[in-house]
Amino acid sequence: MKPFQGKQYFEKVKGGLYGLLVGDALGVPYEFHDAEALPPYDEIEMTPPNGFCRAHSAIAAGTWSDDGAQALCLLDSLVSCGTFCLDDFSHRLLAWYRDGLWAVDGVVFDVGIQTSAALEAYKSGMAPKACGALHPDGKGNGALMRVLPLALWHNGTDAELVRDAHAQCLITHGNLCNQVCCALYCLVARFLLFELVFGSALEKAVGVLREIYRDMPAYAQELEWSVRPDLAWEGNGSGYVVDCLRSAFMILGCAAGFEDAAKQAVLLGDDTDTTACVTGGLAGIAFGFDAIPKRWYEALRGKADVEALLRRLMI
């Protein structure tokens, strides 16, 4: 299903992974602030301007958060197993939570409430597919933020990609709404990799997902009633999974380039690291690795391990 795997394709894959990590790290110091309290557009950088009250002030600039670490756990699992394996992925998430796997310097400094409860249950012996149902109405963006590597790695059909996007939610965020958002996001990423422009990729993704859900009425209802793909794509940068997805799509519909997309994501305020992570992953595919500002790439910590994982992905 993948397009010809030439240099341009791999630049998009690399752009997607680094776009996710750079966006996450860019947003970390601005998290939990209202949009009105943030610095102006030109001053949004890895290191905020003097006088700004940073979130996670003990964490060095250029450090990705739980978003990036969980995404890397997923990619590591995929290239190690050669398939999506919920048990293996869940084991790696627990290793991140407990021991700092794929966290920069092994330091875990930001864990969502729902994710923490689910992984505590998994650690106590609960089956992974049940852990994400502990909070059955939970619709945070904790599965969406990490799902992009699935689209970067996947060789299967659209329906198989959607199935795996659903499945990776189950360990922490099992609600159908989370699954549908992850499926739509992965399809958009796939069609961006196929070199469609963003608007066309989104339109095609919605159409394909509607067809896949034709015989899945509960999923179809979530798509039409919760995600609402026929309405204008607007979002506020919150931690609600639908708002996070809609925020990213809103920004990508008008962004002039990667830097513009990432800064717009941060400037929504609130869940800045995840909005910029989700937006940055797609922007990295759409605009390519070379569009990521060199100063941000150079400031990103932990790149040596990421490069090694990318080499394994691209073999």
Side-chain angles (χ1 to χ4, degrees), residues 66-99 101-102 108 111-187 189-190 209 212-223 225-227 239-242 244-245 274 278:
D66 56 331
D67 306 36
Q70 289 187 39
L72 292 169
C73 284
L74 177 57
L75 184 55
D76 191 7
S77 178
L78 292 168
V79 298
S80 296
C81 297
T83 187
F84 176 73
C85 174
L86 181 60
D87 287 339
D88 184 83
F89 176 49
S90 300
H91 180 72
R92 291 173 197 272
L93 285 186
L94 183 59
W96 159 75
Y97 178 70
R98 185 180 55 200
D99 303 319
L101 177 68
W102 286 108
V108 177
V111 184
I113 294 172
Q114 186 170 342
T115 296
S116 178
L119 292 179
E120 286 291 340
Y122 179 64
K123 184 169 66 172
S124 298
M126 183 177 285
K129 65 181 180 181
C131 293
L134 286 174
H135 298 278
D137 296 326
K139 298 179 182 179
N141 54 17
L144 179 64
M145 69 190 191
R146 68 186 183 223
V147 74
L148 181 65
L150 194 59
L152 302 179
W153 165 87
H154 215 285
N155 278 308
T157 66
D158 295 338
E160 289 167 342
L161 174 59
V162 166
R163 177 201 65 198
D164 288 344
H166 291 169
Q168 70 85 33
C169 295
L170 298 180
I171 177 61
T172 58
H173 292 74
N175 188 280
L176 292 189
C177 185
N178 305 319
Q179 296 184 42
V180 170
C181 287
C182 288
L184 180 57
Y185 183 84
C186 281
L187 286 173
R190 163 166 282 190
L209 196 56
I212 291 170
Y213 287 164
R214 184 180 295 275
D215 298 319
M216 303 169 68
Y219 285 89
Q221 179 173 302
E222 284 295 335
L223 177 63
W225 292 12
S226 294
V227 179
Y240 170 42
V241 64
V242 173
C244 183
L245 183 73
T274 302
V278 170

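- Here the shortest heavy-atom pairing between Phe84 and Trp153 reads N-CH2, 4.1 Å.
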- Given the rule in the side-chain contact (heavy atoms from CB on, under 4.5 Å) test, do Leu150 and Leu161 qualify, once you have shown the distances and angles that lead to the verdict? CA-CA 8 Å; Leu150 194 59; Leu161 174 59; 4.0 Å; yes

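- Considering every non-hydrogen atom in both Gln70 and Met145, the closest pair reads NE2-CE, 3.4 Å.
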- Message: Does Ile171 form a side-chain contact (heavy atoms from CB on, under 4.5 Å) with Leu119? I'd like the steps, not just the answer.
- Response: CA-CA 8 Å; Ile171 177 61; Leu119 292 179; 4.1 Å; yes

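- The backbone N or O of Gly138 sits less than 3.5 Å from a side-chain atom of Asn178, completing a donor-acceptor pair.
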- Task: For side-chain contact (heavy atoms from CB on, under 4.5 Å), just list the numbers for Leu75 and Leu152, CA-CA rounded to whole Å, side-chain angles, deciding distance to a tenth of an Å, and then say yes or no.
- Result: CA-CA 9 Å; Leu75 184 55; Leu152 302 179; 5.7 Å; no

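- Between atom CZ of residue Arg92 and atom SG of residue Cys81 there is a gap of 6.0 Å, rounded to the nearest 0.5 Å.
- When atom types are taken as modelled, the side chain of Asn175 and the backbone of Pro136 share a donor-acceptor pair closer than 3.5 angstrom.
- Across Ala165 and Cys186, no two heavy atoms sit closer than the pair CB-SG, 4.1 Å.
- Distance check, rounded to the nearest 0.5 Å: CG of Leu184 to CD of Glu222 gives 13.0 Å.
- Side-chain atoms of Gln179 never come within 3.5 Å of backbone atoms of Ala167 as a donor-acceptor pair (strictly under, hydrogens ignored).
- Under a 3.5 Å cut-off, the side chain of Asp99 and the backbone N or O of Leu101 do not form any donor-acceptor pair.
- Between Leu148 and Ala189, the closest heavy-atom pair is CD1-CB, 3.6 Å.
- Between Tyr213 and Ala220, the shortest heavy-atom distance links the atoms O-CB, 3.8 Å.
- With rounding to the nearest 0.5 Å, the separation of NE2 in His173 from NZ in Lys139 is 12.5 Å.
- With rounding to the nearest 0.5 angstrom, the OG atom of Ser90 is 12.0 Å from the NZ atom of Lys129.
- Leu170 places none of its side-chain heavy atoms less than 4.5 Å from the side chain of Pro128.
- With contacts defined as side-chain heavy-atom distances shorter than 4.5 Å, the pair Asp66/Val108 does not qualify.
- Using a 3.5 Å distance cut-off with no hydrogens or angles, the side chains of Thr172 and Arg146 do pair a donor with an acceptor.
- Side-chain contact, Glu120 with Tyr97: a donor N or O sits under 3.5 Å from an acceptor N or O.
- Between atom SG of residue Cys73 and atom CG of residue Leu78 there is a gap of 11.0 Å, rounded to the nearest 0.5 Å.
- Distance CD1/Ile212 to CZ/Arg163: 11.0 Å, rounded to 0.5 Å.
- More than 12 heavy-atom neighbours from other residues, nucleotides or ligands sit within 6.0 angstrom of NE2 on His135.
- A donor-acceptor pair is defined here as one N or O able to donate and one able to accept, closer than 3.5 Å; no such pair exists between the side chain of Thr115 and the backbone of Val111.
- Closest of all the heavy-atom pairs between Val242 and Ser226 is CG1-O, 3.4 Å.
- For the pair Leu223/Tyr219, no side-chain contact is recorded, criterion being any heavy-atom separation below 4.5 Å from C-beta on.
- A side chain to side chain contact (heavy atoms under 4.5 Å, CB included) with Asp67 is found for one member of Thr274, Leu72, Leu144 and no other, namely Thr274.
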